[in-house]
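Just below is one structure, and these are the notes that go with it.
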Amino acid sequence: MSNLGFEDTDTILTEDRLFAPSHDVVENANILAYMKSKGFTDYDAFHQWSLENRFEFWEDMAKELHWFEPWQTTFQWTTKPFFQWFAGGKFNITYNCLDRHKDTPTWKKVAFYWEGDDGSSRTLTYEELYVMTNRMAKGLQNLGVKKGDRVAIYLPAIPEQVAALLAVARIGAVHSVVFGGFAASALRDRIIDAEAKVVITADGNYRGGKHIQLKKITDEAVAETPTIEKVIVVHRLGSDVPMQAGRDVYLHDLIADIPEDTVVPCEPMDSEDLLYILYTSGSTGKPKGIVHVQGGYAVGTYTTTKFVFDIKDGDIYWCTADIGWVTGHSYIVYGPLMNGVTSVLFEGTPTYPAPDRFWNIVEKYKVSIIYTSPTAIRGLMRFGEEWPAKHDLSSLRILGSVGEPINPEAWIWYRKNIGHSALPIMDTWWQTETGMILISPTVILPLKPGSATRPMPTIEADIVDRDGNAVGQNKGGFLIIRHPWPAQMRTIYKDEDRYRTYWETIPDVYFAGDAATKDTDGYFRVQGRVDDVIKVSGHRLGSMEIESSLVSHPAVAEAAAIGKPDPLKGEHVKVFVIVKHGYEPSAELEKELKLHVRTTVGALAVPEELEFTPSLPKTRSGKIMRRVIRAKELGEPVGDISTLDG
Ligand code: WTA
């Protein structure tokens, strides 16, 4: 990889460089202030204390938020593996994101600097976001949306998207955000499973200069969803789109008569009431609706935002993720707003109109904390050091990474070119299911490139074998977590059995589905998934979603999708296709099938490689053995296949 323009090219296995934090940063760290309040200055000793005093830690954190009524029980198992945090408490996350800041300097502070794909911009203070949220909440109520109803949100990254989540949560309804890059069938399936009553979309948007017709995709999806009663359309482009009378309403019309000073009181929710459903891909079957609740999720995301990103009053924080993924829910919307920080919200892509778009934004808004993905870093590395070098990046003080393993090469490049060879990188490991960051440095820890370092306070992570025995240091195994934490998913929507598998694959511990190692310093390195989840550019896809799309095409009899290592995207999709009788494999058919995946699942799922094959390896019960296909494809030993169940 010498063409990347730097010398440090150790591989992940031999990587042992240690980067110590600077004295000033440590002294001023939020986490250190808390540690000191408990009598600690050493993270090891503090972490050990936190394992033994989990509930005290989380009670301390929860007390920093506003409760309409205090909780009675900090934690309890109901029927294992079901549990509750802060049971008996009355709470609303929107109150904590907005109302709590009234009468504080935060109220007049900028909540979001919004930067459009096309370079347009808007600025919203906390107060203005509050006004927007309240009017939207009232509008939703006027359409008959009530506590517990599900509302789908299919929007680009615009301030109205943030307000939509907050408005839904404010009135006690449940949001189900669908990533704007998903196509009509994917949107339809998610709306159907959640039985959403309303969908909020836009007239369209631009991404990377391309026009995306969100309303048209929504119309296609909604044509097949029995539960949708209303479609709310936000004017992002200001264009007129076909509106179905009685069903569709523009947001500006919906709220036209709702005065600016309208206040919709926050619904006092039980801690364990649903906040949102977010669909994500699993190993088998259709996407699963991960369920997060109001109280514990808020406490977990508030705490991790504060400690991992060391949020200070003057910070300008920018998480480059999309709100359609969990990173956006936890670390664009809820965590940052509860912390009262000023954020940047960006609609576009890293390379449009030029490969310095990110660095241009950092300079323009004086961003002090940037939280992005390894794929973005690797992608920008390709264009060379001269692009970041054009910009004044001196406002930055903390860098972050999420979504996939960051290879040491990318880590070093990020630190050198974006982090002035000095800034700490928070490599945060977590999942849609975990709701919050679980393994990550804070600014006080020495760093090792490619390692997410140590578990957060109270989190007991380990590497075990199939039977749950700890494998010891420097040995590969399954990553597990031993006890529930507040922001953890409570169930899979309408599928409790599927939820149970997380706690039953290895009895009594949370099975993350990742392979990892732990070194002699207790530092974790996450290698990747052990199931059929494929991480393309950090986006989570399931083999089954791609295969189902392919077999819905008339020419396809059977299909298998696997992830292959990719130097840029982390992984890319390869599919194997058996054509139906009467069809012939051809270059045209290949093109058509790729287009079919694009229009049913979305561009992110389009296979980079497609191979026609006469047969696929299967178990005796007829399941396709993806693991065998993958091993063969990568030239790895196939191993004992007699026990494989596909
Ligand atoms: C992977 C994203 C290595 C991992 C927040 C996990 C990571 C999956 C990291 C969850 C990291 C996430 N290092 N791998 N820092 N962060 N992953 O649900 O495989 O989209 O299981 O949540 O991403 O993906 P999800």
Side-chain angles (χ1 to χ4, degrees), residues 12 15 177 179 181-182 276-283 287-292 297 300-301 304-305 308 319-332 334-335 371-378 399-408 410-411 414 425-441 447-456 461 463 476 478-481 487-489 492 502 505 510-518 523-542 545 563 565 569-571 604-605:
I12 204 155
E15 179 60 58
V177 181
F179 172 56
F182 276 124
Y276 68 78
I277 304 167
L278 180 58
Y279 287 86
T280 192
S281 304
S283 4
K288 43 192 174 186
I290 303 297
V291 169
H292 284 293
Y297 174 81
T301 52
T304 44
T305 305
V308 173
C319 170
T320 72
D322 192 282
I323 292 175
W325 307 105
V326 75
T327 305
H329 283 62
S330 298
Y331 300 108
I332 294 178
Y334 292 117
Y371 187 28
T372 190
S373 70
T375 289
I377 297 300
R378 286 190 297 261
L399 312 179
S401 172
V402 64
E404 37 171 339
I406 179 162
N407 48 311
W411 196 100
Y414 193 18
I425 300 176
M426 303 299 121
D427 175 5
T428 63
W429 177 86
W430 60 295
Q431 310 176 300
T432 308
E433 294 89 337
T434 72
M436 65 181 222
I437 295 167
L438 288 192
I439 303 180
S440 167
L447 304 172
K448 298 184 188 185
S451 168
T453 77
R454 310 271 306 269
M456 296 303 292
I463 309 296
F478 301 111
L479 176 59
I480 58 105
I481 312 288
Q488 194 182 4
M489 71 168 156
I492 307 285
Y502 287 89
T505 303
Y510 172 80
F511 182 77
D514 278 333
T517 58
K518 183 167 80 167
Y523 276 47
F524 286 80
R525 275 175 206 284
V526 179
Q527 280 134 358
R529 302 289 308 187
V530 295
D531 53 14
D532 294 322
V533 168
I534 307 174
K535 274 275 174 160
V536 180
S537 303
H539 298 326
R540 184 163 160 179
L541 294 168
E545 287 160 271
K569 301 176 178 175
E571 281 189 295
L604 68 166

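Both ligands and their constituent atoms are indexed starting at 1 by order of listing. Values below: all heavy atoms of this structure, side chains included; hydrogens, waters and symmetry mates excluded.
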Considering only non-hydrogen protein atoms, determine which one is nearest to atom 8 (C) of ligand 1 and report residue, atom name and distance to 0.1 Å. Lys535 CE, 3.5 Å
Protein contact to atom 3 (C) of ligand 1 [nearest heavy atom, distance to 0.1 Å]: Pro405 N, 3.2 Å
Between Met456 and Val308, does the side chain to side chain contact (heavy atoms under 4.5 Å, CB included) criterion hold? Intermediate values first, please. CA-CA 9 Å; Met456 296 303 292; Val308 173; 3.5 Å; yes
Distance (rounded to the nearest 0.5 Å) between Thr434 OG1 and Met489 CE: 9.0 Å
Pick from Arg525, Glu433, Gln431, Gln527: the one approaching atom 22 (O) of ligand 1 most closely through a non-hydrogen atom: Gln431
Side-chain donor-acceptor pair present, Tyr510, Gln431, cut-off under 3.5 Å: yes
Ligand 1 N/O within reach of Ile406 N/O, cut-off under 3.5 Å: no
Give the atom numbers and elements of ligand 1 that come within less than 4.0 Å of a heavy atom of Thr327. 5 (C)
Ligand-side contact atoms (ligand 1) for residue partner Asp514, heavy atom cut-off under 4.0 Å: 4 (C), 6 (C), 19 (O), 21 (O)
With heavy atoms of Thr432 as the reference, note each atom of ligand 1 found under 4.0 Å away. 18 (O), 20 (O), 22 (O), 25 (P)
Salt bridge (Lys or Arg N to Asp or Glu O under 4.0 Å) against Asp322, all qualifying residues, sequence neighbours excluded: none
How close does the nearest protein non-hydrogen atom get to atom 16 (N) of ligand 1, and which residue and atom is it? Gly403 N, 3.2 Å
Taking only non-hydrogen atoms of Val526 and a 4.0 Å limit, the atoms of ligand 1 in range are 3 (C), 14 (N)
What residue and heavy atom of the protein are closest to atom 10 (C) of ligand 1, and at what distance? Trp430 O, 3.6 Å
Ring centers of His539, Phe179 separated by less than 6.0 Å: yes
Using only heavy-atom distances, determine whether the side chains of Thr305 and Tyr334 contain a donor-acceptor pair under 3.5 Å. no
Could you verify whether a donor N or O on one side chain and an acceptor N or O on the other, from Thr432 and Tyr279, lie under 3.5 Å apart? no
If hydrogens are left out, which of Asp531, Ile437, Asp427 has an atom nearest to atom 15 (N) of ligand 1, that is, the closest non-hydrogen atom? Asp427
Using side chain to side chain contact (heavy atoms under 4.5 Å, CB included), reason through Tyr371 and Thr327 one step at a time and then give a plain yes or no. CA-CA 10 Å; Tyr371 187 28; Thr327 305; 3.9 Å; yes
Tell me which protein heavy atom sits closest to atom 13 (N) of ligand 1, plus the residue, atom name and distance to 0.1 Å. Glu404 O, 3.4 Å
